[in-house]
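Order of the sequence lines sets the chain letters (A, B, ...), proteins ahead of strands, with each chain counted from 1.
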4 protein chains.
Amino acid sequence: MTSELIDAAARPRWSAREQEFLTITLRLLQEHGYDRLTVDEVAAEAKASKATLYRRWPSKTDLVVAAFIEGVRIQARPPNTGSLREDLLAIGGMICATAGTHAPTVRAVLNEISRTPALREAMQSEFLDERHALFNEVLEAAVRRGEINADAVNPELWNVLPGYLVFRFLLPTPPPDAETVRALVDEVVLPSLTRKT
Amino acid sequence: MTSELIDAAARPRWSAREQEFLTITLRLLQEHGYDRLTVDEVAAEAKASKATLYRRWPSKTDLVVAAFIEGVRIQARPPNTGSLREDLLAIGGMICATAGTHAPTVRAVLNEISRTPALREAMQSEFLDERHALFNEVLEAAVRRGEINADAVNPELWNVLPGYLVFRFLLPTPPPDAETVRALVDEVVLPSLTRKT
Amino acid sequence: MTSELIDAAARPRWSAREQEFLTITLRLLQEHGYDRLTVDEVAAEAKASKATLYRRWPSKTDLVVAAFIEGVRIQARPPNTGSLREDLLAIGGMICATAGTHAPTVRAVLNEISRTPALREAMQSEFLDERHALFNEVLEAAVRRGEINADAVNPELWNVLPGYLVFRFLLPTPPPDAETVRALVDEVVLPSLTRKT
Amino acid sequence: MTSELIDAAARPRWSAREQEFLTITLRLLQEHGYDRLTVDEVAAEAKASKATLYRRWPSKTDLVVAAFIEGVRIQARPPNTGSLREDLLAIGGMICATAGTHAPTVRAVLNEISRTPALREAMQSEFLDERHALFNEVLEAAVRRGEINADAVNPELWNVLPGYLVFRFLLPTPPPDAETVRALVDEVVLPSLTRKT
DNA sequence: TCATAAGCGAGACGGTACGTCGTGTCTTACG
DNA sequence: CGTAAGACACGACGTACCGTCTCGCTTATGA
């Protein structure tokens, strides 16, 4: 599974020109949000034709989703600090670092996701599965180290940590910070994982 | 605080006609999603003029947000079952019941929220604050009953339960069900609230 | 026929308040033209309700036509200078004096006239007939004085003088002036009326 | 001058597609009048987008004026029958033939003309100047043939014939017919042109 | 002197057209 | 042959205006 991740990350999914399109898309997305982003603007900034963009991504939505997935792909590395608490804090910090800039993108992608099942699957396979695998690694390592009990890990709840953090980023309230992450790890996630079943 | 909530809920924020607009908007939103919803369609279904809608809500976005806020307002009642666990399960069930139908709306509203601060504030004061108050009541009652310790409640993390559930509804994965709620309450929230500090 | 004219002019067709509406309408018409004139603006300037206007004139067009007819009514007096040439020059001067300010109104009224037959009849009976009568008087007086021959007057062509002048006012070319009127009378109308048949 | 006219007429001012737009506009204009004509309808009949129309003519008014100018352009050919009387009768007949169908258009165009100077100039250069040139040719030919005296032609009054006829078409009275034209030529225009100065 | 009605201001309303803008398709010309 | 440039059909947005309507307030009359 690890090798797949590496492969997936290493494989040149997009050419340099395509990367440029996605980068511009991502930037404009963060600046204007989904609705205010226009394909014409992306094309103009890239000095490309709209047809060139549509040849690769059949709709604005596809373009945006691809840009999002590309934008968050890089961070998907297991921290492997040797301690569950440190691993969780590292993951939380990583999420905070990226979700802050990508919040408009995430909002847009979530909004578009309700439309086409294809997009749902793309999101599932290209983003969530990777995250799930990353988390599994961290938790399995903790089990191997004896820090937690294997049956304390509920597969339905693996994403409480990232889920809550992302939720917080989507809200209009002040975004979570390092202290939020610490509290979440120490007062929620670890108590849950180390509870007596 | 309870009286404020009741007042806020009882106060006729919108006239009957306006309520009708919001109801139609909400229904069409659930049916088509944000982008496929057209103001013309809302007007036609309400046998109203577009100008009438735009007089109240200066843009499609404002209309949708108002519809959302109105649509979720009703559920904001503390369950008060006498047991913290039951209260939390009730709240979780409530969220599952409403978030399922409102998921497209929530996605749309979140997406639009990144645009204008005014919208942010509306979301904050008209939606989140009410939820916070509701949660506070439940937790304070539990403290009074001695079920939990007052300092186990971290004010930054009060919304882990609703936050995670909503997050799950936004995802393309299968939505949370009663078992998810139970697991979340028993294996995450309660261990956190009853942990030894 | 003369008495009818006098009666028509003397009869208080409109109350003082209604006159005020018509005056404002006429002014705004000259300022903005027909399309840019809004009933709301007339109502606002008159500090009246739109309903009050619509109670009297069932449509914007009726209001405008009434204003126009009222605006040009006053000038409909035979000059009676004792000389055909002087009479014609007087009429021409009169037309120049009024058509200049009323050009936008005339344009508007003509445009609207193609729509409803009712308006056509109003224009015919309330405006053209009066002008025709005025002209007849002048020409008959000239016949009586022996200046022209009765059969030189073609009833189809009685309005060449006003017609050409009005036409000129409708055009974007510089409007006719006193010299134009003189040339028209001396070089066209009089040669026609005094030609050998 | 003749060559200029021919050039102007031959020059493809509008593409075939644009001509189609103008033709449809002209037809709908004659059917419904200016106000009842909608840009949407023109676009629908032409299976075109509104944006396509607005790209060429920035407003409904511009579209209508262009359609009018195009619609009357074709007829601007000197008759050249060899006799002044026949030439005038031919021109008069031409005007009657076209002004009848174009009356609503002319009314609309005149009405809109009072708005923007640009429109005024377009009307002047693209329509009136051509007519003036045509008339000059006819009259100069008559002078060359010795039918009339050069100084009997007042340049201010060149358009009495078309002006009066158009005026008559604008009125709600029955439109001029062949007999009207004959009377106008024989009893007004020719007496004026052949008078002793 | 008070009440009941008629008229008016203010302005919301349904409807409809305008003019703008964005998406996704398509054509043209260039390298 | 792929691409930049951009025209195009479609359709929604948000605005403006017309003509209708309702709501209060005022005024003018009847008890």
How many whole angstroms separate atom [atom1] of [X] from atom [atom2] of [N]?
| X | N | atom1 | atom2 | result |
| --- | --- | --- | --- | --- |
| A:Lys47 | E:dC30 | NZ | C1' | 16 Å |
| C:Glu18 | E:dC8 | CD | C1' | 14 Å |
| B:Leu53 | F:dT15 | CG | P | 12 Å |

Reckon [X] has a side-chain N or O less than 4.0 Å from the OP1 or OP2 of [N]?
| X | N | answer |
| --- | --- | --- |
| C:Arg55 | E:dG7 | no |
| A:Arg56 | F:dG2 | no |
| B:Thr52 | E:dG14 | yes |
| D:Arg17 | F:dA9 | yes |

_Angle between ring planes, B:Phe21 versus B:Trp57, binned at 30° and 60°: parallel, tilted or perpendicular?_
perpendicular
*On the 0 to 90° scale, with breaks at 30° and 60°, tag the D:His102-D:Phe68 ring pair as parallel, tilted or perpendicular.*
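Rings of D:His102 and D:Phe68: perpendicular, over 60°.
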*Are any non-hydrogen side-chain atoms of B:His32 and B:Glu41 less than 4.5 angstrom apart?*
yes
*Determine whether C:Val109 and C:Tyr34 make a side-chain contact, defined as any pair of heavy atoms from C-beta on separated by less than 4.5 Å.*
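SC-SC contact between C:Val109 and C:Tyr34 ruled out.
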Pick out the pairs of N or O atoms, protein on one side and nucleotides 17-20 of chain F on the other, that lie under 3.5 Å.
{"residue": "F:dC18", "atom": "OP1", "partner": "C:Leu37", "partner atom": "O", "Å": "3.3"}
{"residue": "F:dC18", "atom": "OP1", "partner": "C:Lys60", "partner atom": "NZ", "Å": "3.2"}
{"residue": "F:dC18", "atom": "OP2", "partner": "C:Val39", "partner atom": "N", "Å": "3.0"}
{"residue": "F:dG19", "atom": "OP2", "partner": "C:Tyr54", "partner atom": "OH", "Å": "2.9"}
{"residue": "F:dG19", "atom": "OP2", "partner": "C:Lys60", "partner atom": "N", "Å": "2.8"}
{"residue": "F:dG19", "atom": "N7", "partner": "C:Lys50", "partner atom": "NZ", "Å": "3.1"}
{"residue": "F:dG19", "atom": "O6", "partner": "C:Lys50", "partner atom": "NZ", "Å": "2.6"}

*D:Leu37 pairs by side-chain contact (heavy atoms from CB on, under 4.5 Å) with which of D:Thr105, D:Leu63, D:Val64?*
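Answer to the side-chain contact (heavy atoms from CB on, under 4.5 Å) test with D:Leu37 among D:Thr105, D:Leu63, D:Val64: D:Val64.
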_What verdict does the side chain to side chain contact (heavy atoms under 4.5 Å, CB included) test give for C:Phe169 and C:Val106, after you've listed the backbone C-alpha separation in whole Å, the side-chain angles of each residue and the deciding distance to 0.1 Å?_
CA-CA 9 Å; C:Phe169 274 109; C:Val106 174; over 6 Å; no
